[in-house]
2 protein chains.
Amino acid sequence: MKIDPKNRADLSAQIAKAIRDAIISGALPVDERLPSEAELADQFEVSRPTVREALKRLAAQSLIRTQRGATGGAFVNRLKFEDAYGQQITTSTLLLSMNEISFATACEARYALERACAPLSAERRTADHLATMRAETHRQQQPGLTDEAFCASDVAFHRALVDAAGNPVLSYQLAGAVEAMQPLMNMITFSARSREKIVALHTSIADAIEAQDAHAADAHLAALAAYTQELAQDVIAKRQAKRG
Amino acid sequence: MKIDPKNRADLSAQIAKAIRDAIISGALPVDERLPSEAELADQFEVSRPTVREALKRLAAQSLIRTQRGATGGAFVNRLKFEDAYGQQITTSTLLLSMNEISFATACEARYALERACAPLSAERRTADHLATMRAETHRQQQPGLTDEAFCASDVAFHRALVDAAGNPVLSYQLAGAVEAMQPLMNMITFSARSREKIVALHTSIADAIEAQDAHAADAHLAALAAYTQELAQDVIAKRQAKRG
DNA sequence: AGACGTTTAATTGTCTGACAAATGAAAATT
DNA sequence: AATTTTCATTTGTCAGACAATTAAACGTCT
C-alpha cells in the first residue's frame, strides 16, 4: 500500500485508491480493522485531514464503515446487495437524466433485461412472489391512484418478477434498470384506458409465471414493452404538437 | 439544501446527502459551479474540513469534479458511461467476492443478461463489432496464450457482442456483469480441448450475429453458458478430490 | 494600439494543533 | 461479586495558516 511520493497533488485520492486496491485484492479481508487515522497519517506521511478525506471517499462507496470510541476505527465493510442497490439506482438515474438517453433506449434496455429474467422466474417463482405480483396488480386497479403511486406499484410488480428468478446478482443488476426508469415513467400520464391495458398485461404475466409458462411470460412482456413505447410516443407527439 | 441542526454527528455525510439530493433533483444542473468551500462552510455553519469531507464523498461517486485556481471550484459533473462502468465493475466484483456468490449464480446471471442482448445485437451489429469479435476469436486460438490473456480476450469478445446491440444503457448494465466475472473465470484453467470448444462456440455466435440470426445466436450462447458451467463444475470437483 | 510579461486575487490542497464526543476497558468502590 | 467511576483510545469537528494553481487584471515594451 504505497503512494507516489513525488506527486503531492490529489493525495487523498491516491490514498483512497491504495486502500481500495488492498480491499479488492483481498489483502484487507472483511471486518479487518484499518490502522487508526493517526497511524495511517504516519504511514503515508500525510496529515490526518488528508487521511480522513481518503476514508470518506471509501465510505461513500460503502467499502468501509467507521465507529467511534476506544475500540473503534475504520473496518472493511462487507458490501451487501442492499447497499449496492442504492448506489446503482443513484448512478443509473443520473446516467439517464444527464446523458440525453431517449425514453426508447432506456425502455428497450429495461425490458430486454427483464425478459432475460422471465424464464428463470417462471421456473422458480414462490407463492410469496406471486402474492406480491397479485397484490400490486390489484392496487393498480384502485380508482383514486395517482400517477406516481401507479408507477411505484408498477416498479414493485416488476421487482417481484425479477426477484422471483431467485438470483441475487440478477436482482442487483435489474434494480438499477427498473428503478431508474421510474422518473421517466412518471412523466407519462396514464389514462384510465391505458391503465386498464397495463393491468391486463400484468395479470397475463402473473398468470404465465404462475403456470410456469416461460414462453407466454416472454410474449406478454414483449407486448408490455411495445405498449409502453407506444404510450411514450403519444406523449412526446402531443408535447411537440402543443409547442408547434 | 439544509441539514439537521440538532444532530451534529456525521455532518459531512448530511452535507453530502443534501448536495447529492440537489443534484439528483436537478436543482443543481450539470456544470453548475457549487459555492466555494468557504461559502459552503458558512451556509451549513460548519468548518471547511467538514465541507471538504462531504465534497470528497461526492467526488468518489463522480458526482462533482474540482478545479483549482481563481475560477476553480467544485462543479456538478456530467456522469459519463465511462465513469459509471468503473464504479459498477468495482461494486460488482466486490459483491461477488464478499458474499459467497457461487460461480453458478454469477454465471447464470451473466449469460441470462447476455442472451437478452443477442437479438438486438443480431439486428444492429456493424462491421466494426463483427471485426472485433472475429479478431478476438482469432487471438483465442494462439497457442502460447496464458489463461489470463484468454479470459481477457473472452471478455473483449463478449463486450463487443453486447456493444453491438447499440444500446449504451445495456452496455453499461452488462459491463458490471461481464467484467466482474473475469476474476472467477480466471480461476478456471482452460485445457487445450476446452479452449477449442469455446472458440468454436464463439465462432458460431459470431456467425449467427453476422447472419442476423437471433435464434441461432441465442442457442449458441445457451450452449456456451452450459459448457462454462460444466467446466466450472469439473474444476470444483477436482479441487474437492484433492482435498479429500 | 497591440503583444507580451507581471502581479494579484480567488480557490483548492494540505498541514498543525486543538477540543469534543463516544466507547470499551480497567480500576475503584460498595 | 456487582456496580460505578475513571481513563485511554479513537473518530468527529473546529480554527487558522500556508502552499500551489489558475485566470483575470495590470503594466510595459514595441
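Within every chain, numbering begins at 1; the chains are lettered A, B, ... in the order of the sequence lines, protein sequences first and strands thereafter.
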In whole Å, I'd like the distance from the CZ atom of B:F44 to the C1' atom of D:dT13.
16 Å
Cation-pi, B:Y85 ring and B:R159 (6.0 angstrom, 45 degrees):
yes
Nearest-angstrom distance from the residue atom CD of B:E37 to C1' of C:dG13
8 Å
Using a heavy-atom distance cut-off of less than 4.0 Å, which residues of residues 46-63 of chain B contact DNA chain C?
B:R48, B:R52, B:K56
Examine the side chains of A:T132 and A:H129 and answer whether a donor and an acceptor come within less than 3.5 Å of each other.
no
Quickly work out the A:E45 CD to C:dT14 P distance and round it to whole Å.
15 Å
Contact letters for nucleotides 20-28 of chain C, in which S counts primed atoms plus P, OP1 and OP2 and B counts the base, heavy atoms under 4.0 Å
-SBBS----
Rounded to the nearest 0.5 Å, how far apart are CG of B:L161 and OG of B:S121?
4.5 Å
When you check the side-chain N and O atoms of A:Q87 and A:S62, is any donor under 3.5 Å from an acceptor?
yes
Nearest-angstrom distance from the residue atom CG of A:D10 to P of D:dT21
11 Å
Provide, to the nearest angstrom, the distance between the CD atom belonging to A:E39 and the P atom belonging to D:dT10.
6 Å
Does the pair A:D163/A:R124 count as a salt bridge with the N-to-O cut at 4.0 Å?
no
Using a heavy-atom cut-off of 4.0 Å across all strands, would you classify A:R65 as base, sugar-phosphate, or nothing?
nothing
To the nearest 0.5 Å, atom CD1 of A:I23 lies from atom CE of B:M98 at 6.0 Å
Going through the checks in order, is the side chain to side chain donor-acceptor pair (under 3.5 Å) test met by A:T105 and B:N167?
CA-CA 6 Å; A:T105 302; B:N167 186 315; 5.1 Å; no
Minimal heavy-atom distance between B:A54 and B:S12, with the atoms involved, is CB-O, 3.3 Å
